[in-house]
Amino acid sequence: MVVDTLRTCVLSSSELARSIALDEHPELHRVASAVRELQRQGFQVILVSGSDLDGVRACIGEDAAIDRRRVFHVDAKSDHDVGLLRVAEEYECHYVTNVDCISVAKAQALSDQQRTWIQSVGRSLQMRYSFGPEGRFAVWLPMAIPEVRVLRTERGQRTEYLLCVHCADASDGLFRSAAGLLIELACGDGDRPMACEKDPTLKAALKACGGIWASEPWQLLCLGSGSAAGLRAVGVGSNLQKRGRAAQLALAATVALHCQGPELAANPEQKAWSALLLEARSQAERLLASNGQASIARERTAEATG
């Protein structure tokens, strides 16, 4: 296999097949859609497959729009997420996944060299994706997005999933526009966020995350009225401006994911915003899968529910 590392990307056929799409296309056709789009953008593709390897080969072979000379197949044999990361590290190339690769690297059987690569260089080579109407595959080239974490906490007797955003630089484009995004998405019909920095359950959850989530101050914002009443989100930052803008961005993203629908995450005109939404949705879906059905911060206040 001859690999141009700058124009090569790895993807898992299993992840694409199980991903949430807005179409009714057969699962393997999503794989073909991804390969077509990546080749259109100039990439050669390494497909990591397992038990579906024969089906993937057949599907790719039947698609006249795919250049089979620029598609390579690797048998993952077991965990596809780990297989994808191993191949990406081996060739030091881009990889397409919505998985939290840092968590996978910490939890799974990878060598120290592979783990170090993923946590350093590899982070900048990850490309995220979504499927739009009629199975159209959209991919975002690597870009810097804020640190994001979705936390599972208890709010009274209810389970709550809170989106947390960390701000390292308040002058970054997304953070500069955070207030405007929140006004556009939530405050147009009278919603006004309320700040709170006393929540023992949230404080414990952030402390358990370690790192910046435990060491830096945080601000909790909640919408107390309007159509999005009850939604909450968290901003983390070393000073008031940073955590304030982070909280506004987190709350705007929460409203977008709940009230605007998943199609916002496929908007190619706002790539950094879309990448942030994709990361938040990806983390939430993994938590929902492991903890049962719930929604990110979708808890209405007593005032709103009467």
Side-chain angles (χ1 to χ4, degrees), residues 1-91 93-101 104 125-143 261-269 271 274-275 277-279 281-282 285-286 289:
M1 185 191 309
V2 179
V3 172
D4 174 1
T5 58
L6 294 178
R7 301 307 299 170
T8 298
C9 65
V10 187
L11 65 157
S12 164
S13 61
S14 175
E15 179 183 344
L16 293 177
R18 70 174 184 258
S19 63
I20 296 178
L22 302 180
D23 67 300
E24 301 297 331
H25 288 206
E27 292 178 347
L28 289 181
H29 282 221
R30 300 177 195 167
V31 179
S33 173
V35 172
R36 285 196 305 270
E37 176 58 23
L38 289 168
Q39 287 193 344
R40 188 189 69 80
Q41 295 196 24
F43 287 98
Q44 60 181 3
V45 178
I46 302 176
L47 273 171
V48 176
S49 306
S51 58
D52 58 348
L53 178 58
D54 291 339
V56 170
R57 286 182 183 274
C59 184
I60 295 298
E62 294 169 358
D63 195 318
I66 292 177
D67 182 354
R68 284 175 288 173
R69 297 169 300 177
R70 295 165 56 217
V71 181
F72 305 95
H73 297 271
V74 173
D75 189 349
K77 300 185 184 304
S78 55
D79 190 315
H80 292 193
D81 293 338
V82 172
L84 178 143
L85 294 177
R86 284 175 173 163
V87 173
E89 187 275 333
E90 178 181 355
Y91 293 104
C93 62
H94 294 90
Y95 55 100
V96 179
T97 180
N98 288 339
V99 168
D100 180 358
C101 295
V104 172
L125 296 175
Q126 181 176 359
M127 300 193 296
R128 302 181 185 279
Y129 69 91
S130 69
F131 285 96
E134 300 181 356
R136 184 176 62 83
F137 177 81
V139 66
W140 286 268
L141 295 178
M143 67 187 67
E263 64 276 2
L264 265 181
N267 181 353
E269 303 302 322
K271 293 185 177 181
S274 297
L277 292 181
L278 280 173
E279 174 63 19
R281 187 173 66 177
S282 177
E285 286 168 358
R286 290 194 299 275

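Quick note: residue numbers are just sequence positions, from 1.
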Q: State plainly whether the residues Arg86 and Glu89 are in salt-bridge range, i.e. N to O under 4.0 Å.
A: no
Q: Nearest 0.5 Å, what's the CD-CZ distance between Glu37 and Phe131?
A: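 Rounded to the nearest 0.5 Å, the CD-CZ separation comes out at 10.5 Å.
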Q: For Glu90, what residues pass the side chain to side chain contact (heavy atoms under 4.5 Å, CB included) criterion, not counting sequence neighbours?
A: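 Residues passing side chain to side chain contact (heavy atoms under 4.5 Å, CB included) with Glu90: none at all.
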Q: Are the side chains of Phe137 and Leu16 in contact, using a 4.5 Å heavy-atom criterion?
A: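 Result yes, sub-4.5 Å side-chain heavy-atom pair found.
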Q: Using modelled atom types only, decide if a donor and an acceptor are shared between the side chain of Gln39 and the backbone of Val45 within a distance under 3.5 Å.
A: no
Q: Compare every heavy atom of Glu15 with every heavy atom of Val96, then report the nearest pair and how far apart it is.
A: O-OE1, 4.4 Å
Q: Between Leu38 and Cys9, does the side chain to side chain contact (heavy atoms under 4.5 Å, CB included) criterion hold? Intermediate values first, please.
A: CA-CA 8 Å; Leu38 289 168; Cys9 65; 3.6 Å; yes
Q: Minimum heavy-atom separation for Leu125 to Cys93, with atom names?
A: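 Here Leu125 and Cys93 meet closest at CD1-O, 3.6 Å.
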Q: If you measure from CG on Asn98 to CZ on Arg281, what distance do you get to the nearest 0.5 Å?
A: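 Here the rounded value is 7.5 Å.
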Q: Looking at every non-hydrogen atom in both residues, tell me the closest pair between Gln126 and Thr97 and how far apart they are.
A: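 Distance-wise, the nearest heavy atoms are NE2-O, 2.9 Å.
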Q: Can you see which heavy atom on His73 is nearest to which on Val56, and at what distance?
A: CE1-CG1, 3.9 Å
Q: What's the spacing between Asp54 CG and Cys59 SG if we round to 0.5 Å?
A: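 If I round to the nearest 0.5 Å, the distance is 13.0 Å.
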Q: Quick one: closest heavy-atom pair of Gly83 and Val48, and the distance?
A: C-CG1, 4.1 Å
Q: Do you know which of Leu47, Leu85, Leu84, Val74 makes side-chain contact (heavy atoms from CB on, under 4.5 Å) with Ser12?
A: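 Single pass found, and it is Leu84.
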Q: For Phe43 and Arg70, work out which heavy atoms get closest and say how close.
A: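 That would be O-NH2, 2.9 Å.
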Q: Taking side chain to side chain donor-acceptor pair (under 3.5 Å) as the cut-off, I'd like each qualifying pair that reaches into residues 59-69, sequence neighbours left out, listed once.
A: Arg36-Asp63, Asp67-Arg69
Q: Kindly indicate, with the supporting measurements, whether the criterion side chain to side chain contact (heavy atoms under 4.5 Å, CB included) is fulfilled by Phe72 and Thr8.
A: CA-CA 10 Å; Phe72 305 95; Thr8 298; over 6 Å; no
Q: Once ring-ring contact (aromatic ring centres under 6.0 Å, His included) is applied, do any residues pair with Tyr95, and if so which ones, sequence neighbours excluded?
A: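 Here no residue qualifies.
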